[in-house]
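Residue numbers begin at 1 in each chain, while the letters A, B, ... track the order of the sequences.
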Amino acid sequence: DAGVIQSPRHEVTEMGQEVTLRCKPISGHNSLFWYRQTMMRGLELLIYFNNNVPIDDSGMPEDRFSAKMPNASFSTLKIQPSEPRDSAVYFCASSFLGGEKLFFGSGTQLSVL
Amino acid sequence: QQQVKQSPQSLIVQKGGISIINCAYENTAFDYFPWYQQFPGKGPALLIAIRPDVSEKKEGRFTISFNKSAKQFSLHIMDSQPGDSATYFCAASDAMNYGGSQGNLIFGKGTKLSVKP
């Protein structure tokens, strides 16, 4: 299995631009999580899906952030418009529903100038 | 109530030594305590985990010690090796009371471990 696949690995954009991060979970996993990692705040859960349905988006910082999971094999996290304080590493993780182990992707390093 | 406090922020250990990382929590509903290991440029990966019905769990050179009354748990890395140099995160959740999901997994801020040869 290829693991959780995230793209792009690096994204550099200018303030005000739209950014879309992509994630392909491990086949068969039915829970998907989006995390943000910064030095100051560590790993923060933004949103998670069970069976493609958003369950808890209370971690999404603002309305500028949105996430979708149109099917079991694909999810997007969109930031529109982006701001410099959004600069961070964004991780996608997946697991079996009820499973204890989260499998993380390699992350997307986002820099907003 | 929901925080998991981790210390130290960074740790330098000589090869062959013991690395100890500590975590404390407040929420007594937590019933699952994993440790994740993260190498530069990679996502975190589950290393070892414990449930509060045992006080210790050992897997190879890695041991979790759990003190339920003190609401503390720690990771011990015996015979530390340069390849263990990474950032370690403790975490906690009460997944059994959360629909079986890890959606409320709370991470500590991380400890950067450097093992010197």
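- Annotation: side chain of B:Leu46 is not in contact with side chain of A:Phe103 (no heavy-atom distance under 4.5 Å).
- Residue contact with chain B, scored on non-hydrogen atoms closer than 4.5 Å, is absent for A:Met39.
- A:Phe65 is not connected to A:Leu45 by any chain of hydrophobic side-chain contacts under 4.5 Å among Ile, Leu, Val, Met, Phe, Trp and Tyr, and they are in different clusters.
- Counting non-hydrogen atoms of neighbouring residues, nucleotides and ligands closer than 6.0 angstrom, the CD atom of A:Glu14 reaches no more than 12 such neighbours.
- Between A:Tyr35 and B:Pro44 the shortest side-chain heavy-atom distance does not fall below 4.5 Å.
- Heavy-atom neighbours of B:Glu59 CD from other residues, nucleotides or ligands within 6.0 Å: above the threshold of 12.
- The cluster map of Ile, Leu, Val, Met, Phe, Trp and Tyr, joined by side-chain heavy atoms under 4.5 Å apart, puts B:Ile64 and B:Leu47 in the same cluster.
- Tracing side-chain contacts under 4.5 Å through hydrophobic residues (I, L, V, M, F, W, Y), one reaches A:Leu21 starting from A:Ile47; they form part of the same cluster.
- At a 4.5 Å heavy-atom cutoff, the contact between A:Arg9 and chain B is made by side-chain atoms alone.
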request  = Could you check A:Phe91 against B:Lys42 for side chain to side chain contact (heavy atoms under 4.5 Å, CB included), going step by step and ending with a plain yes or no?
outcome  = CA-CA 10 Å; A:Phe91 287 104; B:Lys42 300 293 185 183; over 6 Å; no
task = Under the side chain to side chain contact (heavy atoms under 4.5 Å, CB included) rule, what do B:Phe89 and A:Gln37 come out as? Steps first, then yes or no, please.
result = CA-CA 12 Å; B:Phe89 295 92; A:Gln37 185 176 40; 3.2 Å; yes
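- More than 12 non-hydrogen atoms from other residues, nucleotides or ligands lie less than 6.0 angstrom from CG of A:Asn71.
- Contacts between A:Gln6 and chain B at a heavy-atom distance below 4.5 Å are absent for every atom of the residue.
- Atom OG1 of residue B:Thr87 and atom CG of residue A:Leu43 lie 10.0 Å apart, to the nearest 0.5 angstrom.
- Of all heavy-atom pairs between A:Leu102 and B:Tyr36, the closest is N-OH, 3.1 Å.
- Clustering ILVMFWY residues whenever any of their side-chain heavy atoms sit less than 4.5 angstrom apart, transitively, puts A:Tyr48 in a cluster other than the one holding A:Leu77.
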